[in-house]
Amino acid sequence: MMFCLRSYCSPLALIVIVASAFGNFEAAVGAEPAVPVFKHGEAQIVKAFEDPDYWIRNDLWVETEFDSDGDDKLDRMHVSVTRPRQTESEGLKLPVVYVSSPYFAGTGAQGKEFFWDPRHELGESPPKREHFPAVERKGTRPIISKSHLKEWVSRGYIVVHSSSPGTGLSQGCPTVGGDNESLAPKAVIDWLCGRAKGFTTPTGNQNVVADWCTGKVGMTGTSYNGTIPLAAATTGVDGLEAIIPIAPNTSYYHYYRSNGLIRHPFGYLGEDIDYLYDYIHSGNEAQRDHCDCEVRDKEMADGFDRVTGDYNDFWAGRDYLNDLEPLKAAVLMAHAFNDWNVVPEHSVRILEALKAKGVPTQAFFHQGGHGGPPPMKMMNRWFTRYLHGVENDVENDPRAWIVRESDARDKPTPYSDYPNPSASPVTFYLRAGAPEQGTMATTPNPNQGTETLVDNFSFSGEALARAEWTKHRLIYLSETLQKPVHLSGTPSISIRLSSSKPAANLSVWLVSLPWTEAKKARITDNIITRGWADPQNYQSIRESEPLEPGRFYEMTFNLQPDDQVIPKGQQIGLMIFSSDRDFTLHPTPGTLLTVDLDKTSITLPIVGGEPLLRDAFLPSKKGD
């Protein structure tokens, strides 16, 4: 039955009700029944579904299985539905594209005065952070969001939106990766599939039934909105057939920490998980004090540890890699190799685990920054196959699609997998040159001794990479490439070093030199990839110990995954320094890091391996 809320009943709804009383609506206007249309394995735009003036829009509240705001009542999530009129007039059942977010109802202040102050000594308690005024909720019913409507309703899908717990008109507390942020979308999917209750109001008992849904649901979204599809999928909920996460945050530890080091997302120096909690908390004013006390000021304050940066149970509970066992939805993952907000390891680590698990996967990577969905054709084929059930052979498509450096984002190059199966590890060894530039080569050159750098956060990474002479970094360059070299995979560094103080930042950049200064320089022209670590965590990211000044420690850690072609004429450079002014804390300058060159190396995943690399260093023959 069509239902109308007291606060909203569209003219279309009245038309549908009247037409239904006299028989089939489409028959009354002399049109053929509208159904989804497919061509070349993709859902096509159907004219009968295309006009938004003829879409039906409702909102409702879905009851969950948790009470996260302490009012002794099960939390209800605010949900909005947008569907073609034929789901009412003809009884047409369609699959659902579902998007959930904490951002739909507005967000808090972005001033850096509300971030943690990064200017303090390592290992010390930071200065107290100021909280900004409560978020003022925005938005009107019944439309939570208009995102994804144009793309999917016209192609024969119903689009559903929901606000995540503690945001907008959804009840509960935001937890930034807690269990309720997985169980909330699960409840909505259960409602879409007839297993959970929906109501016309947040407190009433008038039921709403999703009898227009086929029981097939897909989810997508970007950043936090891309995290929630993965969170829902980790519950193993029946009916969630496919997800397309775009730049998802798959571990809040990996977002705010790195190998034991307190590291911030690019552009948000000083942000931490408690700030993000404040930023999204747009929910019920009556419950905010309870949520602030229980979640932010107890659970988060006790667990997130801005002193050591160690991985612990608090962070493990917000790491979706630990929850993948129930996941069965097909996953098309999208990310950028130069995303320094949600760094690319977030998607790569999940893809690797899902491939090992045997879940259908496909990956889209581009060379830009944060966000960026796959081309519509890829998304359409994915949802057509798994939501409409059309056998379009998508499971036999190439497993990886990567946008090459000079190509348009909608023109990715297909590869059989990521990392490129033809890539193999090549290890480079260091040769002294500080305070100028050292070199690196694939053959060891013993007795290089040690070299020392002086920490100083005042210098940017770019300034250090471009400097001809500086005591604030160590840099080692390969020979000049005579042919392009293709890196594909995750570089790793093994390093032996000592510190003059009990704690030190350790930052590593892989750069392409000479540095390109052109106004239209691509994001890939200079920085290949980066990595950060805390030497105090040389044994484990769960356990740190103060460094004994002057004592050498050995550790190995990964840089961020990449797939990049380094052009002819460039040199690959390994830069080692301490505080990264855009990402790490800013301790007082002066800490000395001494690196043992004979026990330090960098391993790069190179397509074609060492033979191709050796050839790339040889002068090109005439005609090449």
With distance as the sole test, does S223 use its side chain to make a donor-acceptor pair with the main-chain N or O of N225 at under 3.5 Å? no
Does a sphere of radius 6.0 Å around NZ in K328 hold more than 12 heavy atoms from other residues, nucleotides or ligands, not counting ones at 6.0 Å or beyond? yes
What I'd like to find out is whether the side chain of F49 reaches to under 4.5 Å of the side chain of L92, using heavy atoms alone. yes
N392 and T384 side chains, donor-acceptor separation under 3.5 Å: no
From M379 atom CE to I246 atom CD1, the distance as rounded to the nearest 0.5 Å: 4.5 Å
Do R83 and T87 have side-chain atoms, one donor and one acceptor, less than 3.5 Å apart? yes
Modelled atom types, side-chain donor and acceptor of T167 and H281, under 3.5 Å: no
For D305 and W315: C-alpha separation, side-chain torsions, deciding distance, then whether side-chain hydrogen bond (donor to acceptor under 3.5 Å, both in side chains) applies. CA-CA 10 Å; D305 185 6; W315 293 114; over 6 Å; no
Check whether the ring centres of Y224 and Y103 lie less than 6.0 Å apart, and answer yes or no. yes
Are the side chain of S80 and the backbone of D59 linked by a donor-acceptor contact shorter than 3.5 Å? no
Do I280 and V176 have side chains that get closer than 4.5 Å, going by heavy atoms? yes
Does one side chain, of H131 or R129, offer a donor that lies under 3.5 Å from an acceptor on the other? yes
Which residue, Y275, Y279, F115, Y277, forms the ring-ring contact (aromatic ring centres under 6.0 Å, His included) with F132? Y275
Ring centroid separation F38 to H388 under 6.0 Å: yes
Could you check whether any side-chain heavy atom of P360 comes within less than 4.5 Å of a side-chain heavy atom of Y386, counting everything from C-beta outward? yes
For H78 and F104, I'd like to know if the aromatic rings sit close, meaning centre-to-centre distance below 6.0 Å. no
Counting only heavy atoms not in E130, do more than 12 sit closer than 6.0 Å to its CD atom? no
Validation row, ring centre F304 to ring centre F314 under 6.0 Å: no
If we ignore angles and hydrogens, is there a donor and acceptor under 3.5 Å between the side chains of Y320 and N249? no
Under 3.5 Å, is there a donor-acceptor pair linking the side chains of N180 and T175? yes
Pair D563-Y415, side-chain donor/acceptor within less than 3.5 Å: no
Could you walk me through whether Y253 and N312 pass the side-chain hydrogen bond (donor to acceptor under 3.5 Å, both in side chains) test, one step at a time? CA-CA 9 Å; Y253 182 85; N312 56 28; over 6 Å; no
What heavy-atom pair brings L74 and Q171 nearest, and what distance separates the two atoms? O-OE1, 3.8 Å
Can you tell me if T250 and R349 form a side-chain donor-acceptor pair at under 3.5 Å? yes
Ignoring hydrogens and angles, state whether a donor on the side chain of S162 or S100 is under 3.5 Å from an acceptor on the partner side chain. yes
Output field: ring centroids Y268/Y256 closer than 6.0 Å: no
Testing the basics here: between V342 and H370, what is the closest heavy-atom pair and its distance to 0.1 Å? CG2-CE1, 3.5 Å
Looking only at heavy atoms, which two atoms of A187 and E63 are closest? And how far apart? CB-O, 3.8 Å
Assess the pair Y157 and W152: is the distance between their ring centroids shorter than 6.0 Å? yes
Is the NZ or CZ atom of R76 positioned over F199's six-membered ring, under 6.0 angstrom from the centre and within 45° of the axis? yes
